[in-house]
Enquirer: 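Below is the structure I would like to discuss, written out as structure tokens.
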Amino acid sequence: MPLQFHRSVRDMEIWSATSEGFSFVISFESPTGPGFHGRSGYLASWRPLHKNQAAIKIGGSPFRTLAEAEGACRDMAEHLAPQ
């Protein structure tokens, strides 16, 4: 099942999607301004849906564009999918 990202928080740049029992989140960070503060870019992470576990940052984050972050999440979803 392909990931379908949707905007999760109206006033912040946060997108989420679920697939095969995993949750994927992309958030935009910048050193200044509203929202999360950090290195500028799109931070992508994942975690199991039904376990009380911290999110795991996807390698390469932060990404320059939302499309790059979505692609990294899709690659991770394929990697995590049951064979």
Side-chain angles (χ1 to χ4, degrees):
M1 175 182 189
L3 292 174
Q4 298 287 327
F5 281 92
H6 64 276
R7 192 118 182 214
S8 299
V9 179
R10 185 165 43 141
D11 296 332
M12 295 179 74
E13 293 191 60
I14 300 173
W15 296 265
S16 65
T18 60
S19 178
E20 303 288 336
F22 295 97
S23 170
F24 296 86
V25 174
I26 299 171
S27 60
F28 182 76
E29 297 185 354
S30 68
T32 60
F36 296 108
H37 292 172
R39 247 175 72 201
S40 287
Y42 294 88
L43 180 72
S45 61
W46 68 275
R47 72 177 197 84
L49 268 176
H50 304 293
K51 290 184 181 175
N52 188 15
Q53 180 178 326
I56 300 166
K57 183 172 123 177
I58 294 176
S61 291
F63 297 95
R64 288 183 312 113
T65 67
L66 178 59
E68 289 174 341
E70 288 177 342
C73 288
R74 286 189 187 92
D75 290 345
M76 183 58 68
E78 287 179 22
H79 176 74
L80 295 169
Q83 301 301 318

Enquirer: Determine whether Arg7 and Glu13 make a side-chain contact, defined as any pair of heavy atoms from C-beta on separated by less than 4.5 Å.
Expert: yes
Enquirer: Check Ala17 against Gln4 and note the closest heavy-atom contact, atom names and distance.
Expert: CB-O, 3.5 Å
Enquirer: Under 4.5 Å between side-chain heavy atoms, counting indirect links through other Ile/Leu/Val/Met/Phe/Trp/Tyr residues: same cluster for Phe28 and Ile14 or not?
Expert: no
Enquirer: Looking at OG of Ser61 and CG of Leu43, how far apart are the two atoms once the value is rounded to the nearest 0.5 Å?
Expert: 4.5 Å
Enquirer: Decide yes or no on side-chain contact (heavy atoms from CB on, under 4.5 Å) for Phe22 and Leu49, but give the supporting numbers first.
Expert: CA-CA 5 Å; Phe22 295 97; Leu49 268 176; 5.7 Å; no
Enquirer: So, for Phe24 and Trp46, is the gap between ring centers shorter than 6.0 Å?
Expert: no
Enquirer: So which atom in Ser40 and which in Pro62 form the shortest heavy-atom distance, rounded to 0.1 Å?
Expert: O-CG, 3.8 Å
Enquirer: If every non-hydrogen atom of Ile58 is compared with every non-hydrogen atom of Met76, which pair is closest and at what distance?
Expert: CD1-CB, 4.1 Å
Enquirer: When rounded to the nearest 0.5 angstrom, what distance separates OG in Ser23 from CZ in Arg47?
Expert: 5.5 Å
Enquirer: Do the two ring centres, one from Phe63 and one from Tyr42, sit under 6.0 Å apart?
Expert: no
Enquirer: Find the distance between OG (Ser19) and CZ (Arg74) and round it off to the nearest 0.5 Å.
Expert: 10.5 Å
Enquirer: Can you see which heavy atom on Ala44 is nearest to which on Ala69, and at what distance?
Expert: CB-O, 4.2 Å
Enquirer: Measure the shortest side-chain to side-chain distance between His6 and Ser16 over non-hydrogen atoms and say whether it is less than 4.5 angstrom.
Expert: yes
Enquirer: So which atom in Gln53 and which in Pro48 form the shortest heavy-atom distance, rounded to 0.1 Å?
Expert: OE1-CG, 3.6 Å
Enquirer: Assigning hydrophobic clusters by single linkage (Ile, Leu, Val, Met, Phe, Trp, Tyr; side-chain heavy-atom cutoff under 4.5 Å), is Val9 placed with Ile26?
Expert: no
Enquirer: Heavy-atom distance under 4.5 Å between the side chains of Cys73 and Phe5, does that happen here?
Expert: yes
